[in-house]
Asks: 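To start, I am sharing the structure in question, which I have written as structure tokens.
Bear in mind that the values here come from a model prediction, so they are computed numbers and not experimental data.
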Amino acid sequence: MSGAEHATLGLSRSLFISPPALKGISTVDLAMSVENREKFLADVHVGMLGVHDPRGASAPLLVPVWYAYEPGGEVLVQTARESVKAQLVRASGRFSLCAQKETAPYQYVSVEGPVVAVDDPVPAAQHEALAHRYLDPKAASAYLKANERQLSEDVLFHMRPQRWRTADFSAFAAEFS
């Protein structure tokens, strides 16, 4: 890529180091193993859902969401049936989800795939499981009671992970400790 192409994209040439220029520079593999990426995604994080947004010349819609995932399973995202997010996921038939650790050493898992099922309405057990995943028992019960009507208007998207992108900067950070 030429300097002009980098400038057009708003990128710094220093971000693109050719292999011969890597002498003396860390080349630590940042990718997570399958086991580690699935464990990370199963941990509690607020996810960022990304979905194609064909309205105008805009970038994808990115919104924070609560989600559920068990290793080897589907990513579950619950949202209001008539929300822009739900409409775009239905229209696209797929979405991405990124979860990150916001403290050093930084880590993230991004997963993308097709929607393979939609629960409408969302089973009560799923409402409860998601609330208890993110909130302590007392707060979860209060949340479920206070939002009973709104939760009845939700759908649950099931996404089958197809493409994974990961980074774990633990080994890289250890070089500077």
Asks: Evaluate whether atom CD of Glu35 has more than 12 neighbouring non-hydrogen atoms of other residues, nucleotides or ligands under 6.0 angstrom away.
Replies: no
Asks: Hey, any chance Val118 and Leu61 share a hydrophobic cluster, counting ILVMFWY side chains that come within less than 4.5 Å of each other, even indirectly?
Replies: yes
Asks: Backbone N or O of Met32 within a donor-acceptor pair of the Thr166 side chain at under 3.5 Å?
Replies: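 Checking the backbone N and O of Met32 against the side chain of Thr166, a donor-acceptor pair under 3.5 Å is found.
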Asks: To check you understand the geometry: which heavy-atom pair defines the closest contact between Glu38 and Gly72, and what is its length?
Replies: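 Closest approach of Glu38 to Gly72: OE1-N, 3.1 Å.
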Asks: Any side-chain heavy atom of Val89 within less than 4.5 Å of one from Val115?
Replies: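 Yes, at least one pair of side-chain atoms sits under 4.5 Å.
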Asks: Step by step, would you call His158 with Arg160 a side-chain contact (heavy atoms from CB on, under 4.5 Å)?
Replies: CA-CA 7 Å; His158 297 246; Arg160 185 182 66 244; over 6 Å; no
Asks: Provide the closest heavy-atom pair for Ala68 versus Gln126 in the form atom of the first, atom of the second, distance.
Replies: CB-NE2, 4.3 Å
Asks: Are Leu88 and Val77 joined in one hydrophobic group, where the rule is that I, L, V, M, F, W and Y side chains link up if heavy atoms are under 4.5 Å apart?
Replies: yes
Asks: Quick check: are there more than 12 heavy atoms from other residues, nucleotides or ligands sitting under 6.0 Å from CD of Glu148?
Replies: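 Open.
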Asks: Checking Ser141 side chain against Lys138 main chain: does a donor-acceptor pair fall under 3.5 Å?
Replies: no
Asks: Check Val155 against Val122 and note the closest heavy-atom contact, atom names and distance.
Replies: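 So the two residues come closest at C-CG2, 3.4 Å.
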Asks: Do Met159 and Val111 make a side-chain contact, defined as non-hydrogen atoms from C-beta onward lying under 4.5 Å apart?
Replies: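 Yes, side chains in contact.
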Asks: Any side-chain to backbone donor/acceptor pair from Asn147 onto Gln150? Under 3.5 Å, distance only.
Replies: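 It does not hold such a pair.
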Asks: What donor-acceptor contacts under 3.5 angstrom involve side-chain atoms of residues 43-52, with partners at least two apart or in another chain?
Replies:
unit_1	atom_1	unit_2	atom_2	d
His45	ND1	Gln100	O	3.3
His45	NE2	Phe40	O	3.2

Asks: Given the rule that I, L, V, M, F, W and Y join up when any side-chain heavy atoms are under 4.5 Å apart, are Trp66 and Leu76 in one cluster?
Replies: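 Per the 4.5 Å side-chain linkage, Trp66 and Leu76 are not co-clustered.
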Asks: Minimum heavy-atom separation for Thr79 and Phe157, please, with both atom names.
Replies: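 Answer, listing the atom of Thr79 first, then Phe157: CG2-CE1, 3.8 Å.
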Asks: Between Asp53 and Arg55, is the closest basic N to carboxylate O distance under 4.0 Å?
Replies: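 Counted as a salt bridge, because a side-chain N and a carboxylate O are separated by less than 4.0 Å.
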Asks: Filter on salt bridge (charged side-chain N to carboxylate O under 4.0 Å, His left out), then keep only pairs touching residues 82-110, sequence neighbours left out; what's left?
Replies: Arg94-Glu112
Asks: Indicate if Leu156 and Val63 have the same hydrophobic cluster label, given that clusters are the connected sets of ILVMFWY residues with side-chain heavy-atom separations under 4.5 angstrom.
Replies: no
Asks: Given the rule that I, L, V, M, F, W and Y join up when any side-chain heavy atoms are under 4.5 Å apart, are Val65 and Leu62 in one cluster?
Replies: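 Cluster IDs for Val65 and Leu62 differ.
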Asks: Is it the case that the side chain of Arg81 and the backbone of Ala86 share a donor-acceptor pair, with hydrogens and angles ignored and the cut-off at 3.5 Å?
Replies: no
Asks: Using 0.5 Å steps for rounding, measure from the CG atom of Asp119 to the CG atom of Asp154.
Replies: 11.5 Å
Asks: Specify the closest pair of heavy atoms between Tyr67 and Leu41, including all atoms of both residues, with the distance to one decimal.
Replies: OH-O, 2.8 Å
Asks: Does some side-chain heavy atom of Ser170 sit less than 4.5 Å from a side-chain heavy atom of Gln107?
Replies: yes
Asks: Identify the two heavy atoms, one from Tyr143 and one from Ala131, that lie closest to each other, and give their separation to 0.1 Å.
Replies: CD2-CB, 3.9 Å
